[in-house]
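To start, the structure under review is shown below, and the notes come after it.
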Amino acid sequence: MTDKMLEAFNGTREAGSIASATLDEISKIIKPGITTNEIDKICFEFINDNGAYSAPLFYRGFPKSCCTSPNHTVCHGIPKNKILKEGDILNVDVTALKNGWHGDTSRMFFVGEVSTKAKKLVNATYEALIKSIKILKDGIYIGDIGSAIQKYVESEGFSVVRDFCGHGTGKNFHEPPNILHFGEAKTGEKIKTGMIFTIEPMINEGSWETKTLNDGWTAVTRDKKLSAQFEHTVGITDNGYEIFTSSKKGLDFPPYKT
Ligand code: MF3
Ligand code: CO
Ligand code: CO
């Protein structure tokens, strides 16, 4: 790797570890009765206490420090005074900006006990992300990522959202290339050593179709069935990959034993 690549890796590693530690903090407070605004407050304060900025705050007019997307919300849910209740599933997506570099990650949370079908969807979504990460190395194609995710997810009876994708990240929150979570192996751009990007599959219980609410942000499933998402920021190394946003506490997927 070149010095420039190493600089980007070091910066993204630090931002990624703050983002991931933020989700570790959030996992401590998730229970029936809390509001998504309380999650947003923890996010804002924890990231600031770590000498970083919450990249979503005021990004293209987004009003809060993180995205909170419960149940049939696919992504970009805006924290508000809505109370979470037993049985809800929730995605929290945080992005830390530290020393000019971004670390972007999201996890699913269970609010109390959740249904078997919700657990199955959440597990399949996490598995899909991990399967697509395990194939990463210099020389594969971006289409290999989407193909790995789509094949697995559809074999489990779920669908892959088409309207949102992963993205390059670095000095900018969102950079090229787009990382689609569906598609054909051996198509698209080649993946090269030094590339840094997110993989963030949104997986639906029913159809993949989404619509965006009047607030201009909140994306929901058209059929009102459940949706789940996990996101990691990864980098391509000389002989494989590095995940910049793994939990140092082993809290990568629920149920979180805290
Ligand atoms: N964190 C989201 C992503 O994974 C982007 C959120 S943009 C915001 O790319 F403005 F909604 F925060
Ligand atoms: Co992202
Ligand atoms: Co994100």
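Note that the numbering runs from 1 along the sequence shown for the chain. Both counts, for ligands and for their atoms, begin at 1 and track the order of listing. Both backbone and side-chain heavy atoms feed into the values below; hydrogens, waters and symmetry mates do not.
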Checklist line | F197 vs I236, side chain to side chain contact (heavy atoms under 4.5 Å, CB included): CA-CA, chis, key distance, verdict | finding: CA-CA 9 Å; F197 54 87; I236 306 302; 3.9 Å; yes
Pairs of nitrogen or oxygen atoms, one from ligand 1 and one from the protein, closer than 3.5 Å: please tabulate them with distances.
{"unit_1": "ligand 1", "atom_1": "1 (N)", "unit_2": "D93", "atom_2": "OD1", "d": "3.1"}
{"unit_1": "ligand 1", "atom_1": "1 (N)", "unit_2": "D93", "atom_2": "OD2", "d": "3.1"}
{"unit_1": "ligand 1", "atom_1": "1 (N)", "unit_2": "D104", "atom_2": "OD1", "d": "3.3"}
{"unit_1": "ligand 1", "atom_1": "4 (O)", "unit_2": "D93", "atom_2": "OD2", "d": "3.2"}
{"unit_1": "ligand 1", "atom_1": "4 (O)", "unit_2": "D104", "atom_2": "OD2", "d": "3.1"}
{"unit_1": "ligand 1", "atom_1": "4 (O)", "unit_2": "E200", "atom_2": "OE1", "d": "2.8"}
{"unit_1": "ligand 1", "atom_1": "4 (O)", "unit_2": "E200", "atom_2": "OE2", "d": "3.2"}
{"unit_1": "ligand 1", "atom_1": "4 (O)", "unit_2": "E231", "atom_2": "OE1", "d": "3.0"}
{"unit_1": "ligand 1", "atom_1": "4 (O)", "unit_2": "E231", "atom_2": "OE2", "d": "3.1"}
{"unit_1": "ligand 1", "atom_1": "9 (O)", "unit_2": "D104", "atom_2": "OD2", "d": "3.4"}
{"unit_1": "ligand 1", "atom_1": "9 (O)", "unit_2": "H167", "atom_2": "NE2", "d": "3.0"}
{"unit_1": "ligand 1", "atom_1": "9 (O)", "unit_2": "H174", "atom_2": "NE2", "d": "2.7"}

Margin query: Parallel, tilted or perpendicular, judged at 30° and 60°: which one describes the rings of F9 and F244?
Written below: perpendicular
Margin query: Tell me which pairs pass ring-ring contact (aromatic ring centres under 6.0 Å, His included) where either residue lies in residues 67-86, with sequence neighbours left out.
Written below: H76-F164, H76-W217
Next item on the list: Determine, for Y152 and K131, whether the Lys NZ or Arg CZ falls below 6.0 Å from the six-membered ring centre while staying within 45 degrees of the axis.
Entry: yes
Margin query: What I want to find out is whether R107 reaches E231 closely enough, with some N-O distance under 4.0 Å, to be called a salt bridge.
Written below: no
Note to self: Looking at D138 and D238, would you say the former's side chain and the latter's main chain have a donor-acceptor pair under 3.5 Å?
What the structure shows: no
Checklist line | Lys/Arg-Asp/Glu bridge criterion (N-O < 4.0 Å) met for E154, K151 | finding: no
Check: Would you call K119 and E113 a salt bridge, using N to O less than 4.0 angstrom?
Finding: yes
Next item on the list: Identify, with sequence neighbours excluded, every residue that meets ring pair (Phe, Tyr, Trp, His ring centres under 6.0 Å) alongside F44.
Entry: none
Next item on the list: List nothing but the number: protein N/O/S atoms under 2.8 Å from the Co ion (ligand 2).
Entry: 4
